[in-house]
Amino acid sequence: MTGTNDLIHHGGHQGGSPNGTVRHPALVYLAGCLLFSVGAHFFIQSHLGTDPLDVFALGVLKYLPLTIGVCQAAVAVVCIGVWAVWNRRRPVLSPFLTFFLCGTLIDIHQWVGLARYLGLGAYPLMLLGALFCAYASALIIMSGFGIRAIDLVAITVRQRWKWPFWCGKGLIEGALLVSGWLLGGPVGIGTVAFLVFVDLLIEPFVRFNRRYLAIPDRGFAVAAALT
């Protein structure tokens, strides 16, 4: 298995920043993981619903003696398999590093109780969490490493079918949401907010980072140029 940075072969000039400034991909990746974990923590503490992947996992747990982590990992394995076959590449391992790192950071935030220090109500906390998750996802994608498994497939849909990124990602997460709901998983206003806000904002955040913060795009632009 390889890292998702092999997807782009470290080549091309599409991912370069407009003013020549280079942001180290490891720092971009780590910042993305940290922000994503904070956003997920805020989302959890809002108690307004879970993200579509967790809806699916919790639905499965009603019928199988598994854990949420195992269910999420199984979905990741399927997505990585689809990506590998579709792109005729070896399966990648780095999404599981992201899975582990973000999960560990979420546990730490839950233990510290970061959200309670903000003094925000449930809905502002949920919206802030969604914004953090969207921006963090953009950073992880732009780093070119550890791109989340569902995002990998959505990027391929974007490249192959010329669909907007949100459309491919929304299709996958929408299927998980409906499947989880049919299995009895919990669906709330937060679930819908996550599906809408996070999926729609990732690509605009990528463009914002590339244009105004001079962060190279090693996930969308370079990969597309080499397809």
Side-chain angles (χ1 to χ4, degrees), residues 1-40 76-77 79-103 105 131-170 172-173 198-227:
M1 288 188 173
T2 60
T4 45
N5 52 344
D6 290 336
L7 169 69
I8 61 175
H9 303 292
H10 302 288
H13 299 286
Q14 304 291 343
S17 59
N19 61 3
T21 302
V22 176
R23 301 290 187 268
H24 197 286
L27 296 179
V28 175
Y29 170 74
L30 291 174
C33 289
L34 178 59
L35 288 176
F36 189 92
S37 65
V38 172
V77 167
C79 289
I80 290 170
V82 170
W83 175 86
V85 171
W86 203 349
N87 290 280
R88 298 181 181 179
R89 298 183 183 277
R90 291 177 294 170
V92 291
L93 182 61
S94 56
F96 290 101
L97 174 61
T98 304
F99 178 83
F100 173 77
L101 180 56
C102 288
L105 290 171
L131 288 173
F132 270 49
C133 287
Y135 189 73
S137 295
L139 289 177
I140 293 172
I141 289 171
M142 295 182 79
S143 76
F145 178 83
I147 299 174
R148 293 163 62 85
I150 291 175
D151 292 349
L152 277 178
V153 178
I155 289 173
T156 299
V157 169
R158 180 180 185 268
Q159 294 168 356
R160 303 288 182 176
W161 295 349
K162 308 304 179 185
W163 288 9
F165 175 78
W166 65 264
C167 192
K169 184 174 172 65
I172 299 168
E173 292 187 337
V198 176
D199 290 357
L200 285 177
L201 289 176
I202 290 176
E203 204 163 6
F205 276 145
V206 168
R207 291 195 294 268
F208 173 86
N209 288 337
R210 190 172 60 231
R211 181 172 181 179
Y212 296 105
L213 301 183
I215 300 176
D217 178 7
R218 296 177 172 88
F220 280 148
V222 177
L226 295 174
T227 300

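Note that these values count all heavy atoms, side chains included, but never hydrogens, waters or copies made by symmetry.
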task: Decide yes or no on side-chain contact (heavy atoms from CB on, under 4.5 Å) for W86 and V157, but give the supporting numbers first.
output: CA-CA 10 Å; W86 203 349; V157 169; 3.8 Å; yes
statement: Rounded to the nearest 0.5 angstrom, the CZ-CG distance for F145 and L97 is 5.0 Å
- request: Please report the shortest heavy-atom distance between I215 and M142, naming the atom on each side.
  value: O-CE, 3.2 Å
query: Distance from C79 atom SG to R148 atom CZ, nearest 0.5 Å?
result: 10.5 Å
field: Taking every non-hydrogen atom, the tightest pair across R89 and W83
entry: CD-CH2, 3.8 Å
message: Any non-hydrogen side-chain atom of I141 less than 4.5 Å from a side-chain atom of R218?
response: no
message: Do R158 and F220 form a cation-pi contact, if we require the NZ or CZ to be under 6.0 Å from the six-membered ring centre and within 45 degrees of the ring's axis?
response: yes
field: Non-hydrogen atoms of I155 and G219 that approach each other most closely
entry: CG2-O, 4.3 Å
message: So, using salt bridge (Lys or Arg N to Asp or Glu O under 4.0 Å) as the criterion, who are the partners of D199 when residues are at least two apart?
response: none
Side-chain atoms of residues 29-40: list all donor-acceptor pairs with protein atoms under 3.5 Å, sequence neighbours left out, distances to 0.1 Å.
{"unit_1": "Y29", "atom_1": "OH", "unit_2": "T98", "atom_2": "N", "d": "3.4"}
{"unit_1": "Y29", "atom_1": "OH", "unit_2": "T98", "atom_2": "OG1", "d": "2.8"}
{"unit_1": "S37", "atom_1": "OG", "unit_2": "C33", "atom_2": "O", "d": "3.4"}
{"unit_1": "S37", "atom_1": "OG", "unit_2": "L34", "atom_2": "O", "d": "2.6"}
{"unit_1": "S37", "atom_1": "OG", "unit_2": "H109", "atom_2": "NE2", "d": "3.0"}

- prompt: Which heavy atom of P95 sits nearest a heavy atom of A149, and at what distance?
  reply: CB-N, 4.2 Å
statement: Rounded to the nearest 0.5 angstrom, the CD1-CD distance for I150 and E173 is 5.0 Å
Pairwise distance CZ(F165) to CG(L200) - rounded to 0.5 angstrom: 11.0 Å
- request: Would you indicate whether the side-chain heavy atoms of D151 and K169 approach each other to under 4.5 Å?
  value: yes
Check: T156 and W161 side chains under 4.5 Å, non-hydrogen atoms: no
Only distances under 3.5 Å count here; give the side-chain donor-acceptor pairs of residues 131-138 to other protein atoms, sequence neighbours excluded, each with its distance to 0.1 Å.
{"unit_1": "Y135", "atom_1": "OH", "unit_2": "N209", "atom_2": "OD1", "d": "2.7"}
{"unit_1": "S137", "atom_1": "OG", "unit_2": "C133", "atom_2": "O", "d": "2.8"}

field: Nearest heavy atoms of L139 and V28, plus distance in Å
entry: O-CG1, 3.2 Å
